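One-based numbering along the sequence shown. The shown structure was predicted, so the numbers you read here are calculated from the model rather than taken from an experiment.
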Amino acid sequence: MINPLAKELNDTLSGSVVDALMSDMGKRLYFPNGIISQGGEAAKDAHFANGTIGMAVAQGTPIELDSYKKNMPSLTPRETVAYAKTAGNPDLRALWKEKIIEKNPSLKNKQFSLPILVPGLTAVLSYVSDLFVDVDKPLLAADPCWDNYELIAAARRGAEFHQFKCFENGKFNIKDLEAKMKADAEKYGSVRVILNFPQNPSGYSPTKDEAKEIVRIVREIAESGKKVLVLSDDAYFGLNYEDDIEPQSLFAYMADLHENVLAIKADGPTKEDFAWGFRAGFVTFASKGLTDAQYTALVTKFMAAIRSSVSCSSTPSQSLVMHALKDDAHNKQKIECRKMLKRRYDLVRKFVNTHTSKVLEPLPFNSGYFMSFHVSTGKAEEIRKELLKKDGIGIIQIDPHTLRVAFSSIDEDKIDSVYTSIYNVADAL
């Protein structure tokens, strides 16, 4: 049975692309008029005493133990131990929206939602799947891809997990992406695709021409009357090492592409701002023609997914990110770290361009934290284990034919030795 509050949100979204794409769970989700909403009212009007939220408060300020305070001396108790709002710190959400526009200038005059904060980008993917993926609504991703995509779609949501072959003849496989998207759209009346750039595990980002082709595919499907959900997984956004890479997120082009397109952006400071353990991610929505009321309803549905799982994200992480983004030194420090990654990339590029292997073929890579090899023998796991046992070098087997190397975590003076060992072990097996 649908809760009346869920029905009210569904009615607001009726006839929109969001309505057409929603999963069974998405239809059921609502934000209860309970502790959180009543606490929000009290925060505004309870001028004498506020007995709504389960925190210990003295003189209007959350109590903070000295054992916490001494390790976070510059933050106030409200920035450390107080509960965060379900959708995140409003000031941080607004600031992150400004940063998105700075990095994607095509969005400057386009309408899109205020980013919602969740505990890490994985949570973005999980909650988006809650709202839009189910047994009758499959998810499409690249092959190879991050293993969590299939875990979320298939194991959590019981959905079919479809893949397109990411590369063909050393190039991004536009042809197979188009074929698989159109096949899903024709069979189900809609398509849900994750486009992860820079990609994990390959470390590839599309060129400007390839990005235009991806936009063309989505536009053609939308113009045919089919609904399209495009989730841009921008976890490693901006870590580009070649000049021909499309500098903006695909979200910037999908945001107002067509009424039948729902664009979703997943990003955050965990990779972009070198804050992996903060577990702070953002999700942002856009679709041509969505009204303010419909954006509010969609955000409320998403808040319901948060409320019914983790309730809210960590307060200290949000506070630290907020202060960092306002710090003049922040961007300078990021630039230095990116220069370091570029140096590592250049060393890896030089090695694979000047060495050959009987069984290893580097997949295209130009960005991000990783690069991967296609293993022609299908013995990726054997190579991984032997490399770890023989030389004490750890890499990841994605599938029997794919090995991933995170050059982001290998010191520059070790890269030549690491890759020499990888080639030697692979050829010996």
Side-chain angles (χ1 to χ4, degrees), residues 122 141-155 161-173 176-177 194 196-205 233 235-236 239 241-242 271 276 340-429:
T122 301
D143 178 13
C145 71
W146 187 39
D147 57 15
N148 225 356
Y149 290 163
E150 184 173 7
L151 181 64
I152 290 168
F161 184 67
H162 298 172
Q163 292 181 276
F164 67 92
K165 190 176 180 183
C166 196
F167 303 106
E168 185 71 28
N169 298 322
K171 293 184 178 181
F172 185 72
N173 198 342
D176 200 45
L177 170 63
I194 291 182
N196 169 216
F197 302 121
Q199 206 237 8
N200 179 1
S202 69
Y204 186 78
S205 292
D233 180 351
Y236 303 89
L239 296 168
Y241 309 129
E242 301 291 348
K271 306 297 194 304
W276 310 276
M340 178 192 70
L341 291 177
K342 175 62 162 62
R343 291 194 300 270
R344 295 179 183 185
Y345 165 82
D346 287 338
L347 289 170
V348 175
R349 171 61 62 195
K350 180 181 178 181
F351 188 98
V352 301
N353 283 354
T354 56
H355 291 74
T356 58
S357 166
K358 293 180 292 184
V359 297
L360 298 179
E361 178 189 355
L363 295 178
F365 68 105
N366 56 15
S367 53
Y369 279 27
F370 313 109
M371 61 82 60
S372 289
F373 292 104
H374 174 74
V375 183
S376 60
T377 60
K379 296 182 178 180
E381 177 66 356
E382 292 181 33
I383 294 170
R384 181 192 73 82
K385 286 184 175 180
E386 181 66 13
L387 191 65
L388 189 60
K389 177 182 176 182
K390 179 176 176 290
D391 296 327
I393 294 171
I395 60 176
I396 295 292
Q397 180 238 181
I398 298 295
D399 57 49
H401 289 278
T402 310
L403 283 170
R404 188 193 77 175
V405 186
F407 58 79
S408 61
S409 60
I410 304 174
D411 292 328
E412 292 165 49
D413 61 355
K414 293 182 178 179
I415 283 177
D416 192 78
S417 297
V418 167
Y419 278 82
T420 297
S421 292
I422 293 172
Y423 276 53
N424 288 342
V425 168
D427 287 342
L429 288 174

Checklist entry - Under 4.0 Å between a Lys/Arg side-chain N and an Asp/Glu carboxylate O for K350 and D346? => result no

Checklist entry - Would you say the ring centroid of Y236 lies under 6.0 angstrom from that of Y369? => result yes

Checklist entry - Is the backbone N or O of K165 less than 3.5 Å from a side-chain atom of N173, with the two atoms forming a donor-acceptor pair by type? => result yes

Item to check | Backbone N/O of K358 and side chain of D427: donor-acceptor pair under 3.5 Å | outcome: yes

Checklist entry - Which atom pair, heavy atoms only, marks the closest approach of S408 to R344? => result O-NH1, 2.5 Å

Checklist entry - When you look at V405 and V348, which way does the side chain to side chain contact (heavy atoms under 4.5 Å, CB included) test go after all the steps? => result CA-CA 10 Å; V405 186; V348 175; over 6 Å; no

Checklist entry - Between F351 and H355, how do the two ring planes meet: parallel, tilted or perpendicular, split at 30° and 60°? => result parallel

Item to check | Evaluation steps, side chain to side chain contact (heavy atoms under 4.5 Å, CB included), between I422 and F373 | outcome: CA-CA 10 Å; I422 293 172; F373 292 104; 4.1 Å; yes

Next on the checklist: Would you compute the distance between atom SG of C145 and atom CD1 of I194 and round it to the nearest 0.5 angstrom?
Outcome noted: 8.0 Å

Item to check | Side-chain heavy atoms of L341 within contact of Y241, under 4.5 Å | outcome: yes

Next on the checklist: Tell me the closest heavy-atom pair linking P400 and V375, and the distance in Å.
Outcome noted: O-CB, 4.2 Å

Item to check | Smallest separation among heavy atoms of D143 and D399, with atom names | outcome: OD1-OD2, 4.2 Å

Item to check | Side chain proximity check, I396 to F370, heavy atoms < 4.5 angstrom | outcome: no

Item to check | Nearest-0.5 Å distance that lies between atom CD in E168 and atom CG in D176 | outcome: 8.0 Å

Item to check | Counterpart residues, side-chain hydrogen bond (donor to acceptor under 3.5 Å, both in side chains), relative to K390 (two or more places apart) | outcome: none

Checklist entry - Heavy atoms, side chains only, cut-off 4.5 Å: are T377 and L429 in contact? => result no

Checklist entry - So is R349 actually on top of F365's ring, under 6.0 Å and inside 45° of the axis? => result yes

Next on the checklist: Return the OG to NZ distance between S409 and K414, rounded to the nearest 0.5 Å.
Outcome noted: 10.5 Å

Checklist entry - Does any N or O in the side chain of Q199 come within less than 3.5 Å of the main-chain N or O of G368, such that one atom is a donor and the other an acceptor? => result no

Next on the checklist: Is it the case that the ring center of F172 lies less than 6.0 angstrom away from the ring center of F197?
Outcome noted: yes

Next on the checklist: Please evaluate residues F167 and E361 with respect to the criterion side chain to side chain contact (heavy atoms under 4.5 Å, CB included), reporting the C-alpha separation (whole Å), side-chain torsions for both, the decisive distance (0.1 Å), and the verdict.
Outcome noted: CA-CA 12 Å; F167 303 106; E361 178 189 355; over 6 Å; no

Item to check | Presence of salt bridge, E381 and R384, under 4.0 angstrom | outcome: yes

Checklist entry - How many angstroms lie between atom OG of S417 and atom CD1 of I393, to the nearest 0.5 angstrom? => result 7.5 Å

Checklist entry - If only atom types and distance count, is the side chain of Q397 paired as donor or acceptor with the main-chain N or O of L403 below 3.5 Å? => result no

Checklist outcome for this item: Distance col, row K271:NZ vs N200:CG, nearest 0.5 angstrom, shows 8.0 Å

Checklist entry - Which heavy atom in P144 sits nearest to a heavy atom in I398, and how many Å separate them? => result CB-CG2, 4.2 Å

Item to check | pair I152-T122: side-chain heavy atoms closer than 4.5 Å | outcome: yes

Item to check | Full working for side chain to side chain contact (heavy atoms under 4.5 Å, CB included) between V352 and L360 | outcome: CA-CA 10 Å; V352 301; L360 298 179; over 6 Å; no

Checklist entry - Looking only at heavy atoms, what is the nearest atom pair of P362 and M371, with distance? => result CB-CE, 4.1 Å

Checklist entry - Should we count NZ of K385 as having more than 12 external heavy atoms under 6.0 Å? => result no

Next on the checklist: Between S372 and T402 (side chain of the first, backbone of the second, donor and acceptor by atom type, cut-off under 3.5 Å), is there such a pair?
Outcome noted: no

Next on the checklist: Run the side chain to side chain donor-acceptor pair (under 3.5 Å) test on Y345 and E242 for me, step by step, so that the C-alpha distance in whole Å, both residues' side-chain angles and the decisive distance to 0.1 Å come before the verdict.
Outcome noted: CA-CA 10 Å; Y345 165 82; E242 301 291 348; 2.6 Å; yes

Checklist entry - Which distance, rounded to the nearest 0.5 Å, do you find between the CD1 of I383 and the CD1 of I395? => result 7.5 Å

Checklist entry - Can you name the nearest heavy-atom pair linking S367 to Y204, along with the distance? => result OG-C, 3.6 Å

